[in-house]
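Below is one structure, written out as structure tokens, with a few remarks after it.
Counting starts at 1 for both ligands and their atoms, following the listed order.
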Amino acid sequence: MEDCLFCKFIKEHNSKVYEDNLFYIIKDINPQAPLHYLAIPKNHFKYLSQMQSEDIENLGKIFAKISEIAENILQLTGGYRLVINQGDNAGQTVPHLHIHILGGKEMGWTPA
Ligand code: 5GP
Ligand code: ZN
């Protein structure tokens with residue numbers, strides 16, 4: 001999508017923490033934890049409900065890869081939290097599905 005921020009970032013190569021053919025990871029510009037990354041599938045869709053079968057398959061692979069690189073590349077020792085905001089009540093601001101990866105400290109559990 002031409003005017004989508006996260007589609008535009010696909011072409012940027014200097015700010016990525018990780019990249020493969022399915023997705024890339026960047027640091028969130030407004031971190032909500034000491035470590036806050038965004039894992040962004042390269043295919044554009046906003047909602048989980050819009051996924052085609054390939055997207056569903058790819059999302060499984062993306063989760064597996066995140067778990068694989070969590071400690072060594074992302075420095076997420078001691079655990080981490082994954083969040084996918086969907087729609088207005090969740091506060092989704094970028095209309096391209098992304099997985100927040102949060103960690104670096106012991107977190108509370110309050111979607112305030
Ligand atoms: P959402 O609110 O849609 O779940 O998450 C969007 C996230 O993207 C927010 O946490 C916000 O800080 C982050 N974000 C928005 N614009 C930029 C940007 O230009 N660069 C980076 N690295 N993160 C961004
Ligand atoms: Zn997009």
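In this structure, E19 CD and I40 CD1 are separated by 10.5 Å, a value rounded to the nearest 0.5 Å. Interatomic distance, OG1 of T93 versus CG of D88, reported as 10.5 Å (0.5 Å rounding).
Scanning all protein heavy atoms for the shortest distance to atom 22 (N) of ligand 1 gives K27 O, 2.8 Å. Considering only non-hydrogen protein atoms, atom 3 (O) of ligand 1 sits nearest to T93 N, 2.7 Å. The single protein non-hydrogen atom nearest to atom 19 (O) of ligand 1 is F9 CZ, 3.4 Å, given as residue, atom name and distance. Remark: minimum distance from atom 1 (P) of ligand 1 to any protein heavy atom is reached at H98 NE2, 3.1 Å. The shortest contact between atom 17 (C) of ligand 1 and any protein heavy atom is with I29 CG2, 3.7 Å. Annotation: atom 16 (N) of ligand 1 to nearest protein heavy atom, L5 CD2, 3.5 Å. Of the protein's non-hydrogen atoms, L38 CD1, 3.6 Å is the one closest to atom 8 (O) of ligand 1.
The closest donor-acceptor contact from the side chain of H96 to the backbone of K42 lies at 3.5 Å or more, if one exists at all. Although no hydrogens or angles enter the test, the distance criterion places a donor-acceptor pair under 3.5 Å between the side chain of Q92 and the main chain of V94. In terms of modelled atom types and a separation under 3.5 Å, the side chain of Q86 and the main chain of K46 share a donor-acceptor contact. Side-chain N or O atoms of D20 include one that pairs as donor or acceptor with a backbone N or O of F23 at under 3.5 Å. The closest donor-acceptor contact from the side chain of Y37 to the backbone of L74 lies under 3.5 Å. Side chain of K16 to main chain of I10: a donor-acceptor pair is present (N/O by atom type, distance under 3.5 Å, no hydrogens or angles).
The closest non-hydrogen atom to atom 9 (C) of ligand 1, taken over V83, I26, D28, comes from D28.
At least one N/O-N/O distance between G91 and ligand 1 falls below 3.5 Å.
Looking at F6 against ligand 1, only its side chain comes within 4.0 Å, counting heavy atoms. The backbone and the side chain of N30 each have at least one atom closer than 4.0 Å to an atom of ligand 1 (non-hydrogen atoms only).
Looking at H44 and the Zn ion (ligand 2) together, the shortest N, O or S contact belongs to ND1. Counting just the N/O/S atoms of H96, the one with the shortest distance to the Zn ion (ligand 2) is named ND1.
Ring centers of H100 and H98: under 6.0 Å apart, within the cut-off.
Atoms of ligand 1 lying under 4.0 Å from at least one heavy atom of H100, given by number and element, are 1 (P), 4 (O), 5 (O), 7 (C), 10 (O).
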